[in-house]
Amino acid sequence: MSDLADEYRLDYFEEEGFERLTCETCGDHFWTRDASRETCGEPPCAEYGFIDDPGFEETLSLEEMRETFLSFFEERDHGRVDPYPVAANRWRDDVLLTQASIYDFQPHVTTGQSPPPSNPLVVSQPCIRMQDIDNVGKTGRHTMAFEMGGHHAFNADEGAGYAYEGEVYWKEETVRYCVELFEELGVDSSELTLIEDVWVGGGNAGPCFEVIYQGLELATLVFMQFEQDPDGDYEMKDGNSYSEMDRRVVDTGYGIERWTWMSQGTPTVYEAIYPEMIEFLRDNAGLDYTDEEDEIVFRAAKLAGHMDIDEAEDVEAARDTMAEQLGVETARLVELMEPLEDIYAIADHSRTLAYMLGDGIVPSNVGTGYLARMVLRRTKRLVDTVGVDAPLDELVDMQADRLGYDNRDTVRDIVRTEVEKYRETLDRGGRKVRQLADDYAERGEPIPVTELIELYDSHGIQPDMVAEIAAERGVDVDVPDNFYGLVADRHGGGQAVEVEATVPHEKRLDELPETDRLYYEDQQRMEFEAVVLEVFDREDGDYDVVLDQTMFYPEGGGQPPDHGTISTDDVTGEVTDVQVHGGVIVHTCDADPGTGEFVRGQVDATRRRRLMRHHTATHVVIHSARQVLGEHVRQAGAQKGTDSSRIDIRHYESISREQVKEIEHRANEIVRDNAAVTQEWPDRHEAEKAHGFDLYQGGIPTGEQIRLIHVADDVQACGGTHVGRTGDIGAIKLLNTERIQDGVIRLTFAAGDAAIDATHEIEDALYETAELFDVANEDVPETAARFFDEWKARGKEIEDLKEQLAEARASGGGDSEEIEVADTTAVVQRIDADMDELRAQANAVVEQGSIAVLGSGASGAQFVVAVPDGVAVNAGEVVGELAGRVGGGGGGPPDFAQGGGPDADRLDDALEAAPEILRQVANA
RNA sequence: GGGCCCAUAGCUCAGCGGCAGAGCACCUCCUUUGCAAGGAGGAAGCCCUGGGUUCAAAUCCCAGUGGGUCCA
């Protein structure tokens, strides 16, 4: 195993008089110009030196600090790159949120597949780290949302075949730039320390320096130079082996918020980055502290900076010590600090929400949407706790305004909708818990853990809320420490086994050249000629045919594969499936054309045209949906078909009938405009720059060039086949909308002749109904409503009549048999009527003080036995005995029972035996 | 993407194989004169939809629809 020590020895350090020292407290190695230094300079080995005594010459706002950073590197030949969205899943599918500036260039740039937009480059990237959520507000320096200033350089060995090559710069320049930036801000560089560390993550690793000034880590300089390799020479702290790469990536992170804080020397970072928001919240919550109280808070914050506070728990633990040093009671300190901590957190969370919602994340129960919902609910709780009475949408809007978003109305609307949903959940939860608490209060038992888990997992009610409500009712609740672990257990924990799709004859496919995709050259042509490169036998008896070029579109991007025929002079085969594996297109065919043969291909034109119409229509519909519902609307999945297609879109509420009509109108307007549908293959970065990440509606393509499809004003990265002009779509008919999960709505539609067919189906249903009712089409709804009402009224009337009939029967005759049993009269009677009637009759008999034993042969054999109050005959037992005689069973409470069996022929026998059965039961 | 929960009167919910229930709201009357008043009476249900099991399903099973919630 090799040592990394040499990796930190730079010529720069030698030239500039830096020495390598060892921290006397923690033992870390670090570089400094001050040979007399004893510690590494990072808490807990040192204290903050800048609170109330700013570390830079000038006081800078967050915006000014950002600009200072960006222009510093721009002046040193770095291309300035616009920040990416915080929703990293807009351009990559392995993470949800952007957590560092390097995320912008993963995976395609760091792996060398795509060139960076500029090399070297600089960016100030908004990031969100949910891991820090508990620390926000408490430690004075943690924020969930922050801007990471990063300057990056991508180096690769000459001839390694990457999208970039050569040396831009590496460690020497990186460290020099960093020190120079400090010096430009008036820092004496002998106060800096650069601590040696190792960075590991995402399959890569490398040495890094943590740059510390005045006790605060302001930058991390990472040199990505290793990649995971089982045979590698370097073992890293994650326990894996790594080896040297032929690429070297400079990955730096400058915490713009911390630099701003350093320049201002405020007690916490929050007061430095959004002072006006903190002031607003303090005013609004009525936190007008006296000078003396403010003084305590100020000194406490300062003390916090001097302590080793890395986690929210540390803060709690340090409270006593702080209170003692300040000369106040711990309780008083807490009383003063907690509302402020909440306010800091509210400001930070509002900023986080502004980023998330502003970048188009829609709250939901899945993915990034779920994270947004969590943050929003947490923020709402804080707002209520601390007593801020401004609506949450206003707070988020303040931050969205500061951040310069122009979709603020939508953001506010989303927040309002979401707050309302949360309120309903709380209402529901409160009722549920109160009811449960009452139940357990009655029994004098504590609420068990299983109930707590159920309440949280299925109803979203936090255990502390349960405890609070239960306490009001004097019920104990014991929340175990491992509560969330128990919830996790309930989810099984077992990892779903990824079923790796096996590609048949994969090895050989890798050796074949990529198939020429003729369908991109002319999307309207359906015939072509080609040479058979390879034929594989399939297990099902068909053949997989690889050609040198093809007009057959393989399944992809939600578009099903083409069908058609491949023929030689001798054989013609039906193509039933077309798939692409690594650029090689495989046609599944029911005949073997023979390797090396010339073939003619003919695509099933009707099918393909239907698919093309639906594909282009998909672009038109999503474009229209964005116009009607808002710019946040994004595709969450799509499937094209020949008869209808569907797209799933992200939207925060269910859409109304009016909105559906509006979308349909606009879509058909685009069709009528007969706009040209065009394709182009621009450089991916230029495309992103020109059109934004909304390009990637249907997934993220790889490669330097990407294919763009323009439909009217709409631009999307897309690999599918399209009609030449929007008029070719013919017509678009929205067939259905359904909410497939929270925040995702499925639009089903048909295009062209399929739209006409679909309309016919709906019309047929209407016409048939109208005919059945014998009314005009437009009268169908009203008539149906009237029929329904009448049907209900008639049901009630029948019910009524049955009761009257039963009374009449009970008071006057019929062929009933009356016997004496248990000092009461029993009426045994056969009425061939349904169960309702039998029950009514039985009730009528009981009214008169008699036992009723009724039988019916209307459907099988059925019995009802009813017994008046105070008569010692068990109806259930009587019915059981009777029903047994007709091959069935029955039962019920002692005063009213029912039963029956299939054997109707024996009904009379059973009734005949009734008197005897009654006596037996009565005497039992 | 996965797990779990729910659907019964206008509202909030109980019932969990055997006659469809309560509270609030509503209507009529009485007693009162109000700040959640009291009393008497009444009306109000395709127990979400479709299958299945059963002598019998609001209740059990399966599927669908709608809603909620937790996790990745």
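Below, chains carry the letters A, B, ... as their sequence lines are ordered, and counting in each starts from 1.
- The pair A/R129-A/D132 does not count as a salt bridge, with every side-chain nitrogen at least 4.0 angstrom from each carboxylate oxygen.
- Residue ring and nucleobase are not stacked for A/Y456 and B/C70 under a centre distance beneath 5.5 angstrom and an angle between planes beneath 30°.
- Among the atoms of the strands shown, only primed sugar atoms or phosphate atoms (P, OP1, OP2) are found under 4.0 Å from some heavy atom of A/G460.
- Pairing analysis of RNA chain B (Watson-Crick: purine N1 to pyrimidine N3 plus N6-O4 or O6-N4; G-U wobble: N1-O2 and O6-N3; both under 3.5 Å) yields stems of 3 or more pairs at B:1-7 with B:65-71, B:10-13 with B:21-24, B:26-30 with B:38-42, B:48-52 with B:60-64.
- Atom P of nucleotide B/G68 and atom CG of A/L426 are separated by 14 Å, given to the nearest angstrom.
- Nucleic acid contact for A/G860: none, since no nucleic acid atom lies under 4.0 Å from a heavy atom of the residue.
- Residue contacts shown for A/G367 include a base, since a base heavy atom lies under 4.0 Å away.
- Rounded to whole Å, the distance from CD on A/Q462 to P on B/U69 is 12 Å.
- A gap of 27 Å separates the P atoms of B/C6 and B/G45, to the nearest Å.
- Heavy atoms of A/D836 sit nowhere under 4.0 angstrom from any nucleic acid atom.
- Each of A/P893 and A/G900 has a nearest nucleotide on RNA chain B; the 5'-most of these lies closest to A/P893.
- B/G68 sits 24 Å from B/U59 when the P atoms are compared, rounded to a whole Å.
- Side-chain atoms of A/Q99 and A/Q131 form a donor-acceptor pair, as typed in the model, at a separation below 3.5 Å.
- Atom C1' of B/A56 sits at a distance of 27 Å from the matching atom of B/C13, rounded to the whole Å.
- Each of A/H459 and A/M835 has a nearest nucleotide on RNA chain B; the 5'-most of these lies closest to A/H459.
- Rounded to an integer number of Å, the gap from A/E799 CD to B/A44 P is 11 Å.
- Here the separation of B/C47 from B/C4, taken at their P atoms, is 28 Å to the nearest Å.
- Rounded to an integer number of Å, the gap from CG of A/L854 to C1' of B/A56 is 16 Å.
- Rounded to an integer number of Å, the gap from A/R423 CZ to B/U69 P is 13 Å.
- Taking side-chain N and O atoms only, A/K792 has no distance below 4.0 Å to OP1 or OP2 of B/G45.
- Within the structure, every side-chain polar atom (N or O) of A/K432 is placed at least 4.0 Å from both OP1 and OP2 of B/C6.
- Here A/D908 does not pair with A/R906 in a salt bridge; the nearest charged N to carboxylate O distance is not below 4.0 Å.
- Here A/P902 lies out of heavy-atom contact (under 4.0 Å) with every strand.
- Distance check on atom P: B/G66 versus B/C24 gives 35 Å, rounded to whole Å.
- Salt bridge A/R885/A/D909: absent, no basic N to carboxylate O contact under 4.0 Å.
- Salt bridge status for A/K380 with A/D384: present, with a side-chain N to carboxylate O gap under 4.0 Å.
- Taking atom C1' on both nucleotides, B/G3 is separated from B/G18 by 35 Å, rounded to a whole Å.
- Using a 4.0 Å heavy-atom criterion, one finds that A/R377 contacts the sugar-phosphate atoms exclusively.
- Side-chain N/O atoms of A/R739 include one lying less than 4.0 angstrom from OP1 or OP2 on B/G68.
- With hydrogens and angles left out, the side-chain atoms of A/Y652 and A/D413 include a donor and acceptor closer than 3.5 Å.
- Using cut-offs of 30° and 60° on the angle between ring planes, the pair A/F693 and A/Y696 is tilted.
- Side-chain nitrogen and oxygen atoms of A/R431 include none within less than 4.0 Å of the OP1 or OP2 phosphate oxygen of B/C6.
- Salt-bridge formation is not detected for the pair A/D742/A/R650: no Lys NZ or Arg NE/NH1/NH2 atom is positioned less than 4.0 Å from an Asp or Glu carboxylate oxygen.
- Rounded to an integer number of Å, the gap from CD1 of A/I740 to C1' of B/G67 is 15 Å.
- Atom CD of A/E424 is separated from atom P of B/C13 by 11 Å (rounded to the nearest Å).
- The side chain of A/S458 contributes no N or O atom lying less than 4.0 Å from OP1 or OP2 of B/C6.
- Here the separation of B/U69 from B/C11, taken at their C1' atoms, is 23 Å to the nearest Å.
- The shortest distance between the side-chain N/O atoms of A/Q435 and the OP1/OP2 oxygens of B/A14 is below 4.0 Å.
- Across B/A9 and B/A25, the matching C1' atoms stand 11 Å from one another, rounded to whole Å.
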